[in-house]
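Notes for the one structure printed next.
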Amino acid sequence: MLVELKNTTRKLCVIGDPVLHSKSPLIQNALIRALGLDYIYLCQPVPAGGAAAWLEAARTAGYAGFNATMPHKEALLPLMDELEEDARLYGSVNTVCLREGRAIGCNTDGGGFLQALLDAGMDPRGRRAVVLGAGGAAKAVALKLVQRGAASVTVCNRTPEKAAALCAHAPQVMRPAAFGPETLRREAGAADLLVNCTSLGMAGTAGQFAGLDFLEALPRDGAVFDLIYHPAETALLARARALGRPAANGLGMLIHQAILALERFTGQELDRAALRAVAERALEEG
């Protein structure tokens, strides 16, 4: 990708460890070019434990902000001068805006997930949702479902304590459940929306669902959303589509969380639908 650099060009980046595989520079630079912005987006490896040192370096180097992936999302939280509500609620930061020396911590994961759901025609308002997993991604997803007005959110996880801890954030709407075949089938049977927030089915990992029979219990209009986007169609999504259930992968979430981050960096409200198309073309070509 051709990028023009000027003395006025403002710097952005993504930090993590590992991070060189990140699609964020490809997406963000395509958005920046489409919008005609005077920014450049880089990739910066930062090892575990290095978040505080990097923050000071970014301030000194005049960065406009940066995104963060593992293992820095939680480590950045206490380093912020200010936190947006979602970052405070999720207990993690994936976007840092640097303004006049102040670090403002944001989290666009939940917002990106919700926008992708809406794009797919899966508005969770008033619907019964089942979330598979209880890690950081599941927390953002489950709490955004609650914020949107889901009728109920059941969190299924192999470690009951983690599911219970997540559900304690909104016990009037959320409840924990196990991850066994019988439980998954029972919970799917009462769900309007099922969201996979685990790594099961992800390319490069050996983990797969022990069985997918629980999808047969989903109501006919019950939708399936998988946060995984590589491969584009996991076994979970393939089975859901074969059963005639609405299904979508996590590519939209990846793109929308990036668009929301760019809105934070620039202070501009952007045309999200148009920019999603820009990002999708960049990913196809890249």
Side-chain angles (χ1 to χ4, degrees), residues 3 5-29 31-32 35 37-115 135-141 143-144 147 169 253-270 272 275 279:
V3 179
L5 293 177
K6 297 178 286 186
N7 290 343
T8 55
T9 301
R10 305 200 68 193
K11 297 183 291 295
L12 300 166
C13 76
V14 58
I15 68 168
D17 185 21
V19 75
L20 295 179
H21 66 284
S22 175
K23 299 292 185 183
S24 292
L26 179 62
I27 294 171
Q28 292 287 10
N29 284 314
L31 302 182
I32 287 166
L35 292 166
L37 299 174
D38 190 16
Y39 286 81
I40 185 171
Y41 193 100
L42 308 168
C43 185
Q44 178 63 54
V46 174
W54 164 254
L55 179 59
E56 289 310 306
R59 281 189 170 117
T60 302
Y63 272 72
F66 58 91
N67 289 119
T69 186
M70 295 301 292
H72 302 302
K73 288 186 174 185
E74 293 181 1
L76 283 166
L77 198 73
L79 303 176
M80 297 295 101
D81 298 303
E82 182 182 331
L83 288 171
E84 281 193 354
E85 182 55 33
D86 275 4
R88 190 187 311 277
L89 181 63
Y90 306 158
S92 68
V93 169
N94 80 336
T95 301
V96 176
C97 298
L98 297 174
R99 297 175 186 154
E100 299 179 353
R102 290 175 55 80
I104 302 165
C106 318
N107 192 307
T108 64
D109 287 335
F113 162 70
L114 178 59
Q115 188 61 57
K139 187 174 185 180
V141 163
L143 295 180
K144 184 55 69 175
Q147 288 177 322
H169 286 274
M253 178 179 172
L254 173 73
I255 292 172
H256 279 300
Q257 64 84 21
I259 295 170
L260 290 171
L262 191 58
E263 287 188 342
R264 303 302 196 281
F265 294 140
T266 63
Q268 299 179 26
E269 187 173 342
L270 304 176
R272 297 172 189 173
L275 289 180

Nearest-0.5 Å distance, CG of residue Leu260 to CD of residue Glu269: 10.5 Å
Taking every non-hydrogen atom, the tightest pair across Ala279 and Ile255: CB-CG2, 3.6 Å
Heavy-atom side-chain proximity of Leu55 to Leu98 below 4.5 angstrom: yes
CZ-CG distance between Arg88 and Asn107, expressed to the nearest 0.5 angstrom: 12.5 Å
Separation between CH2 of Trp54 and CD of Gln44, rounded to the nearest 0.5 Å: 4.5 Å
The single option from Asp109, Asn67, Val93 passing side chain to side chain contact (heavy atoms under 4.5 Å, CB included) against Lys73: Asp109
Name each donor-acceptor pair under 3.5 Å that joins a side chain in residues 12-24 to protein atoms two or more places apart or in another chain, with its distance.
{"unit_1": "Ser22", "atom_1": "OG", "unit_2": "Ser24", "atom_2": "N", "d": "3.0"}
{"unit_1": "Ser22", "atom_1": "OG", "unit_2": "Ser24", "atom_2": "OG", "d": "3.3"}

Spacing of Leu114 atom CG and Thr108 atom OG1 [to the nearest 0.5 Å]: 12.5 Å
Minimum heavy-atom distance between Tyr39 and Ala64, given as atom pair plus value: CE2-CB, 3.9 Å
Nearest heavy atoms of Arg272 and Gln115, plus distance in Å: NH1-OE1, 3.6 Å
Closest non-hydrogen atom pair between Ala51 and Val46, with its separation: N-CG1, 4.3 Å
Leu37 side chain reached by Phe265 side chain, heavy atoms, under 4.5 Å: no
Over all atoms of both residues, closest heavy-atom pair of Pro47 and His72: O-CE1, 3.1 Å
Heavy-atom side-chain contact between Asp86 and Glu84 under 4.5 Å: no
Backbone N/O of Ala61 and side chain of Lys11: donor-acceptor pair under 3.5 Å: yes
Heavy-atom pair with the smallest gap, counting every atom of Arg102 and Glu82: NH2-OE1, 3.5 Å
CD-CD1 distance between Gln28 and Ile40, expressed to the nearest 0.5 angstrom: 12.5 Å
Any side-chain heavy-atom pair of Leu31 and Leu270 under 4.5 Å: no
Rounded distance [0.5 Å steps], CG in Leu143 versus CG in Leu89: 4.5 Å
Lys/Arg N to Asp/Glu carboxylate O, Asp81 vs Arg59, below 4.0 Å: yes
